[in-house]
Amino acid sequence: MRHSPMGGAGRRGFRAAGMPVTKAKDVKGTLKRLWGYIKQQKIKLFAVVLAIIASSGANVASTMLIGRAIDKYIVRLDFPGLARFSIVIVAVYALGACASWFQSYIMVGIAQRTTQSIRRDLFNCLHRLPLNFFDSHAHGDLMSRLTNDVDNIGQTLNQSLVQLFSVVLTISITIFAMLSISPLLSIIPFVIMPIGIALSRFFVKRAKKYFSMQQKDLGELNGVIEETISGQKVVKVFGRERIIMQKFQKKNDDLRISGNKAQIYSSFIMPIMNSLNNLSYASVALFGGFMLIKGFGSLTIGKISNMLTYAKQFARPINELAGLLNILQSAIAAAERVFEVMETEPEVMAGKHIKKQTLRGEVVFKDVTFGYSKENPVLKDVNIHAKPGETIALVGPTGAGKTTVVNLLTRFYDVDKGTITLDGEDIQSLARNALRQCLGMVIQETYLFSATIRENIRYGRLDATDEEVEQAARIANVHRFITNLPKGYDTVLSDAGEGISQGQRQLIAIARVMLANPSILILDEATSNIDTRTEKHIQDALLTLMHGRTSFVIAHRLSTIRDADKILVINDGQIIEEGSHESLYAQKGFYYNLYTSQFKRVLQE
Ligand SMILES: Nc1ncnc2c1ncn2[C@@H]1O[C@H](COP(=O)(O)OP(=O)(O)OP(=O)(O)O)[C@@H](O)[C@H]1O
Ligand SMILES: [Mg+2]
């Protein structure tokens with residue numbers, strides 16, 4: 001899985017000035033949808049806005065009050081008066097602190113609830129997505145949308161949105177307060193700030209270039225690491241350690257260089273802003289003092305003290321503003337990625353219901369044409385007739401379209417042309433979930449969940465008792481193996497192995513299907529090499545499983561093929577031969593060649 005280093009999320013603490021952000025294509029539409037989630041908590045949001053206004057107001061007011069304290073009490077050396085007035089100042093500070101706490105307290109709740117709803121809707125969507133969606137999106141990308149992107153939205157709601165609002169509010173109130181004290185003195189920060197912004201933009205622009213380069217280099221470096229970890233066996237077998245090490249060093253160097261440059265350019269920004277800030281501060285003090293001495297513009301010490309505080313306060317939020325806008329942009333882009341998944345046309349589940357108890361299990365493919373992409377048909381005019389209880393074997397070279405045939409029967413994909421009927425009923429008119437309940441599948445890539453063996457088998461039928469689970473395992477010839485494990489049926493399976501071989505995994509999957517007791521069986525045999533004893537076990541298990549059910553078997557093992565009632569030979573998306581093993585063998589055609597080349601070795605053993 002390849003998560004982009006700063007993907008949707010962007011690690012807040014490390015976001016230096018100039019880091020590039022991904023932008024949303026449809027900002028307005030995305031915000032509208034996001035608002036749909038947030039507005040469910042309108043009252044709380046209103047409380048947050050009030051709290052922000054109170055805390056920003058208290059912030060500016062307390063500065064104002066200190067100015068007044070200087071002019072009214074300190075200058076006149078009225079200390080009892082100052083003590084009384086201090087109570088007011090403390091009260092205003094306390095009010096501001098309370099409002100600020102209250103605001104974050106409520107906002108945390110809003111953010112958590114919103115992300116919870118988004119996560120829930122997104123996860124629900126995942127089940128309804130058609131399979132071709134998964135074909136066209138990398139799993140890492142989907143994972144990242146469910147985790148990073150949703151997290152990004154939450155964090156932004158939680159911190160940045162409120163911050164943005166209070167920054168804008170603080171800037172406006174500060175400008176207003178400065179102008180009301182002395183329009184003349186305000187000119188200094190008003191002139192110096194834009195110069196600072198222009199200068200830092202110059203460096204941000206350059207930093208941005210190298211941050212993009214760094215991101216690209218990091219992605220490539222991660223690629224090398226990922227390939228090395230997941231392909232470790234191949235690397236070892238072909239002795240490619242040295243070459244990979246060299247490749248890694250090259251990428252590692254690139255990353256160092258681009259990272260260096262990006263950081264150097266962005267490191268100019270803070271000192272520049274600070275120096276200009278200090279310049280503005282010093283100039284206000286100097287000119288203010290001068291004006292005060294000359295009695296110009298009715299200034300007082302308190303007012304100058306206020307001006308100094310405001311001039312300082314004015315710079316900070318402006319610095320923050322650019323960063324906040326970036327974060328907001330990346331959150332909107334994250335939200336867009338999330339909503340994109342939700343907007344995908346879901347698999348329609350509605351349709352006629354069928355009962356698996358009364359199903360005979362007659363399957364007919366009539367002139368079926370299908371391609372994963374419209375231009376490129378994989379199956380062409382395929383006709384298959386499986387009578388109830390028959391075993392149909394599909395054989396053919398790799399990539400011929402065997403798995404595709406069963407993908408259509410399960411309606412993982414829908415046919416482009418032709419029809420597939422089940423007991424005479426077009427499967428297009430059946431409800432997908434009802435159809436799938438009639439089908440039992442052992443697929444090529446056996447998937448076991450990270451849960452106990454018992455739970456994995458019970459996945460076939462959730463209400464099965466422990467005895468039924470064990471009975472199914474017995475029929476699948478895997479009971480003995482399981483009971484020999486130290487933890488038996490309670491062994492937790494994980495990706496890392498747990499001493500379970502491919503063949504044993506398949507036997508567990510067979511037990512799972514056995515428990516589900518489907519009317520139609522689909523078996524896509526794994527091509528992996530399995531020792532002869534396990535193979536015999538699988539063989540026996542399959543024969544029991546296929547008994548009395550219509551079965552589609554994609555087989556690589558000769559024994560499975562020979563037992564089939566009918567063999568279909570598929571090549572290049574077409575059925576080119578059809579019949580029993582003996583008749584096809586006698587034809588000396590494609591099957592004969594496939595059979596003699598592929599199975600000769602087995603025959604001789
Ligand atoms: N999800 C998919 N998206 C696009 N093309 C696909 C997809 N799955 C399979 N194909 C293509 O369809 C063709 C038939 O594939 P299919 O999986 O049916 O072969 P197969 O006969 O099962 O082969 P194997 O014996 O190797 O399992 C191949 O050319 C393959 O590249
Ligand atoms: Mg296949």
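As the structure is a computational prediction, the values presented were derived from the model and not from experiment. Order of listing sets the numbers, starting from 1, for every ligand and every atom in it.
In this pair, Y489 and H479 present their aromatic rings tilted. The plane angle is within the 30 to 60° band. Using the six-membered ring where Trp is involved, H581 and Y591 have ring planes that are perpendicular, over 60° apart on the 30 and 60° scheme. Between F133 and H137, the two ring planes are parallel [angle under 30°; tilted spans 30° to 60°].
The Mg ion (ligand 2) has no N, O or S atom of T398 under 2.8 Å away, backbone or side chain.
Salt bridge K251/E227: absent, no basic N to carboxylate O contact under 4.0 Å. Ion pairing of D414 with R432 is present here, as a side-chain N (NZ or NE/NH1/NH2) and a carboxylate O approach within less than 4.0 Å.
At least one heavy atom of G399 sits less than 4.0 Å from an atom of ligand 1. Residue contacts with ligand 1 leave out F412, since none of its heavy atoms falls under 4.0 Å from the ligand.
Considering only heavy atoms from C-beta on, E390 stays 4.5 Å or farther from E362 through its side chain.
Environment of CZ in F123: sparse, with no more than 12 heavy atoms of neighbouring residues, nucleotides or ligands closer than 6.0 Å.
Annotation for ligand 1: atoms under 4.0 Å from non-hydrogen atoms of V378 are 12 (O), 13 (C), 14 (C). In the vicinity of D135, heavy-atom distances shorter than 4.0 Å reach the ligand 1 atoms 1 (N), 2 (C). For ligand 1, the atoms sitting less than 4.0 Å from at least one non-hydrogen atom of Y413 are 1 (N), numbered in the order shown with element in parentheses. Counting atoms of ligand 1 from 1 in the listed order, those under 4.0 Å from a heavy atom of T404 are 14 (C), 15 (O), 16 (P), 18 (O). For ligand 1, the atoms sitting less than 4.0 Å from at least one non-hydrogen atom of A400 are 19 (O), 21 (O), numbered in the order shown with element in parentheses.
The heavy atom nearest to atom 3 (N) of ligand 1, considering only F370, F134, Y372, is found in Y372.
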